[in-house]
2 protein chains.
Amino acid sequence: MAYRRTDNVEAHLADNRKRILAAARSLVSEGGWPEAQISHVAAVAGVATGTVYRYFPSKAELFVEVLSTVSQREVDVLDVIAGGAESPQQRLHDAVTAFVRRAMRNRRLAYALIAEPCDPEIDQARLRYRHAISEQIVRIVGDGQASGAFRADLDARVVATVIVGGFMEGLIGPLSPLNADFGSPPHHSGAVRTLAEDIADLCCAAVAPRRGKVSLLVPTVATRGRSR
Amino acid sequence: MAYRRTDNVEAHLADNRKRILAAARSLVSEGGWPEAQISHVAAVAGVATGTVYRYFPSKAELFVEVLSTVSQREVDVLDVIAGGAESPQQRLHDAVTAFVRRAMRNRRLAYALIAEPCDPEIDQARLRYRHAISEQIVRIVGDGQASGAFRADLDARVVATVIVGGFMEGLIGPLSPLNADFGSPPHHSGAVRTLAEDIADLCCAAVAPRRGKVSLLVPTVATRGRSR
DNA sequence: GCGCTTTGTGAATCCTAGTTCACTTCTTGG
DNA sequence: CCAAGAAGTGAACTAGGATTCACAAAGCGC
């Protein structure tokens with residue numbers, strides 16, 4: 001035996017791994033998925049292409065790890081909010097505004113991780129986290145329904161899904177690199193705040209307990225369209 | 001001169017074009033984007049690969065036309081509903097349920113056109129139609145705000161976006177080929193109806209005029225998280 | 001049937017990354 | 001300093017499809 005992997009090497013290895021991940025993340029957060037190429041990652045990390053494969057078995061796994069790290073942090077934030085002592089209304093409102101604001105801090109990255117077209121394998125991880133986010137919302141909605149703070153006549157999971165879809169979509173326009181509005185720094189923080197508040201407000205309104213009458217709505221002819 | 005393009009030929013050409021489009025659509029609606037390959041389209045349409053390029057300049061343009069045709073029909077349906085004489089509440093409810101139900105009729109196709117990862121060029125067309133749909137919703141929301149049927153303190157475009165995102169997302173789970181629930185034929189139409197109604201209900205609730213008090217909500221510590 | 005033009009064909013080509021691997025360089029223990 | 005085992009390298013290899021193109025077939029008017 002003539003080799004042992006010193007702490008020194010161990011550290012170097014760990015450092016490389018970290019740099020590769022950082023490079024990957026940085027590329028996505030600047031140029032989105034089109035820039036997310038192994039050769040670019042290698043260049044930015046200061047290693048050779050082949051080296052990347054000593055640390056990650058495939059492009060997909062590398063970027064899934066990037067996505068997971070970032071997304072998990074968001075889930076954690078929501079977890080704290082969802083587990084808080086505030087009223088369900090307050091928690092729902094906080095959760096949505098927190099998510100929207102945080103996403104607006106790093107628009108390009110958020111856009112890539114939320115909406116930009118990407119490899120199916122990565123997209124799948126994206127779905128997993130979207131689901132995890134939805135689960136945090138379910139907790140809040142469930143509490144609210146139990147305490148009577150929210151209407152309880154709908155499945156909490158459906159409600160949470162719609163809410164998540166609502167605030168994500170409300171985010172996509174402003175996030176999209178195509179829309180250069182929503183002033184970059186110096187932060188137009190007023191606009192961001194308003195957007196976040198408005199979206200949160202809508203989400204809260206959707207689950208508010210219903211006033212009196214059950215329904216005035218009846219099916220209409222238009223509702224029963226032909227097939228596609 | 002020794003050639004003229006008879007009606008006969010003209011018809012044959014038109015027929016080919018139609019068959020190619022039909023083949024393309026059929027493939028997407030069965031296998032989604034992975035199946036949407038030019039060679040497959042050609043095979044199904046009964047022509048050679050090269051022939052497809054006599055009718056469409058590129059894969060993207062072919063499929064964008066497929067998507068446009070299908071999506072435009074949906075926009076038209078919403079257009080009729082939005083332009084109807086019913087109350088804004090009723091129209092919003094009808095619009096959402098109509099969309100959800102129609103999508104559930106051809107799940108695989110709807111999934112591909114709404115959510116499945118696809119070529120960026122196609123994805124862009126998708127966005128355009130999502131926007132067109134949003135515009136129909138804006139009409140309804142705007143009317144409702146003007147007539148006092150809906151709360152008027154928020155930008156109608158933001159409201160519409162959130163609503164569209166909400167019902168689309170509510171749809172994705174049930175549409176996804178991964179979720180083999182939501183019984184295929186014989187139609188579990190009860191489940192579909194409920195889903196559609198529930199989602200529509202939520203959307204309507206979000207824009208209902210607000211009861212008394214303006215807001216009990218105040219920013220919380222959790223709302224101001226660190227950067228990613 | 002005969003030139004001429006448009007259409008149809010599908011094998012060959014091109015392209016774009018992701019992935020591999022034979023070889024070089026570095027580290028370690030002796 | 002040496003031999004052995006790891007880690008690093010980047011040019012070459014692949015793979016999956018889109019796209020092209022030289023050639024064949026079909027339609028047209030005479």
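The chains referred to below are lettered A, B, ... by the order of the sequence lines, with proteins before strands, and numbering in each begins at 1.
- Distance alone, capped at 3.5 Å, places no donor-acceptor pair between the A:R157 side chain and the A:V138 backbone.
- The CD1 atom of A:I20 sits 13 Å away from the C1' atom of D:dT9 (whole-angstrom rounding).
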Write out a two-atom table: protein N or O, nucleotide N or O from nucleotides 11-15 of chain C, distance below 3.5 Å.
none

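- Judged by distance alone, with hydrogens and angles left aside, the side-chain atoms of A:S71 form no donor-acceptor pair with the main-chain N or O of A:S68 at under 3.5 Å.
- Comparing B:N8 and A:N16, the nucleotide of DNA chain D nearest to each residue sits closer to the 5' end for A:N16.
- The listed nucleotides are D:dG10, D:dG17, C:dG10; the one nearest the side chain of B:Q37 is D:dG17.
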Between B:D76 and B:R73, does the salt bridge (charged side-chain N to carboxylate O under 4.0 Å, His left out) criterion hold? Intermediate values first, please.
CA-CA 5 Å; B:D76 291 345; B:R73 189 139 60 228; over 6 Å; no

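- In this structure, B:R25 contributes its side chain and B:V66 its backbone to no donor-acceptor pair below 3.5 Å.
- Atom pair A:D15:CG and D:dA7:C1' shows a separation of 14 Å (rounding to whole Å applied).
- If you check residues 54-62 of chain B against DNA chain D, the residues with a heavy atom closer than 4.0 Å are B:S58, B:K59, listed by number.
- Taking every heavy atom of both residues into account, B:W33 and B:A112 meet most closely at NE1-O, 3.0 Å.
- Under a 3.5 Å cut-off, the side chain of A:R108 and the backbone N or O of A:G31 do form a donor-acceptor pair.
- Nucleotide D:dG10 holds its C1' atom 15 Å from the NE2 atom of A:H40, rounded to whole Å.
- Straight-line distance from the OH atom of A:Y53 to the P atom of D:dC13: 17 Å, rounded to whole Å.
- Of the candidate nucleotides C:dG18, D:dG27, D:dT9, D:dG27 has the atom nearest to the side chain of B:V9.
- When each of A:I38 and A:T51 is assigned the nucleotide of DNA chain C bearing its nearest heavy atom, the one mapping closer to the 5' terminus is A:I38.
- Between the CZ atom of B:R17 and the P atom of C:dT7 there is a distance of 13 Å, rounded to whole Å.
- Of the possible donor and acceptor atoms, none in the side chain of B:E116 sits under 3.5 Å from a partner among the backbone N and O of B:G32.
- Although no hydrogens or angles enter the test, the distance criterion places no donor-acceptor pair under 3.5 Å between the side chain of B:S176 and the main chain of B:I172.
- Ring geometry for B:F99 versus B:F167: interplanar angle of 30 to 60°, hence tilted.
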